[in-house]
J.: 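Can you read through this structure? Questions will come right after.
Each ligand, and each atom within it, is numbered from 1 in the order the structure gives. In this chain, residues are counted from 1 in sequence order.
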Amino acid sequence: MLSKKKYLEALDIIMSMYPDARGELNWGTPFQLLIATILSAQATDIGVNKATPALFAAYPDAESLAKADIASIESKIKTIGLYHTKAKNIKAAAQMLVDEFDSVLPQDKEILQKLPGVGRKTANVVLGDAFGIPGIAVDTHVDRVSKRLNIVPQKASVLEVEKTLMRYIPQDEWVSAHHHLIFFGRYHCTAKNPNCENCPVLSYCKFGKERLGVID
Ligand code: SF4
């Protein structure tokens, strides 16, 4: 396993590669970030950003989305994968916000996860980006990079990855580190074709060294 000290050295390098790393979903209010993040499950941010302008123009807040017709919601998000389920979830989440939270998004990880379609990752994204509440959302990129850098066993669960990252990274860097790791996974250490040949953290990376046949 890569030590905490070595991991933080590698993370510093990764952070310097993408000084402008940030969430790439477009939103105007915390509620809209919640909806965009629910829609982004197993979909690309670019695809979600193409659909949300029409969705948010018609239904900008919890009250309007809760009252919306499912068919109308579906027509606005049908380019996004799993849109039937997602339409149901975002309408139900809006309804729950209206009924139980006075239409105000709760700033609490456990409570947020009670909303339909909201898991731990979505809750962490919303709390971090909308309210600056520290958290590390482990998506497919963060999970893959963490495993390639060998800070967790290859079979570690998403929660184990999150807990390890929280132990290693100072709390005030959680949100920023999460965005940088996503950029690194999305644009450099990609799933199918990681750019190990030109990787500034190759010397820290067990997976990359094995892949390139580098002997320590
Ligand atoms: Fe990813 Fe390859 Fe760099 Fe390792 S060496 S972090 S696998 S790109």
J.: For L115 versus A93, what's the shortest heavy-atom pair and its separation?
T.: CD2-O, 4.0 Å
J.: If every non-hydrogen atom of Q113 is compared with every non-hydrogen atom of A123, which pair is closest and at what distance?
T.: CG-CB, 4.0 Å
J.: Near H188, which atoms of ligand 1 are under 4.0 Å from a heavy atom of that residue?
T.: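 Ligand 1 atoms under the 4.0 Å threshold to H188: 8 (S).
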J.: Looking only at protein heavy atoms, which one is nearest to atom 2 (Fe) of ligand 1, and what is the separation?
T.: C196 SG, 2.3 Å
J.: Can you list the ligand 1 atoms lying under 4.0 Å from a non-hydrogen atom of L202?
T.: 5 (S)
J.: Within a strict 4.5 Å, meaning less than it, do heavy atoms of the K91 and I73 side chains meet?
T.: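 Result yes, sub-4.5 Å side-chain heavy-atom pair found.
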J.: Can you say whether the rings of Y187 and F183 are parallel (under 30°), tilted (30 to 60°) or perpendicular (over 60°)?
T.: perpendicular
J.: Counting from 1, what ligand 1 atoms have a heavy atom of R148 closer than 4.0 Å?
T.: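 Result: 7 (S).
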J.: Of the choices F184, F207, Y204, which has the non-hydrogen atom that lies closest to atom 6 (S) of ligand 1?
T.: F184
J.: So, 2.8 Å as the limit: is an N/O/S atom of C199 located closer than that to atom 3 (Fe) of ligand 1?
T.: yes
J.: What is the nearest protein non-hydrogen atom to atom 1 (Fe) of ligand 1, stated with its residue, atom name and distance?
T.: C189 SG, 2.4 Å
J.: Between V175 and I133, which heavy-atom pair has the shortest distance, and what is it?
T.: CG2-O, 4.0 Å
J.: Return yes when at least one N/O/S atom of C205 is nearer than 2.8 Å to atom 4 (Fe) of ligand 1, and no when none is.
T.: yes
J.: Might you point out which heavy atoms bring Y7 and L165 nearest each other, and give the distance in Å?
T.: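 Shortest heavy-atom separation between Y7 and L165 comes out as OH-CD2, 3.2 Å.
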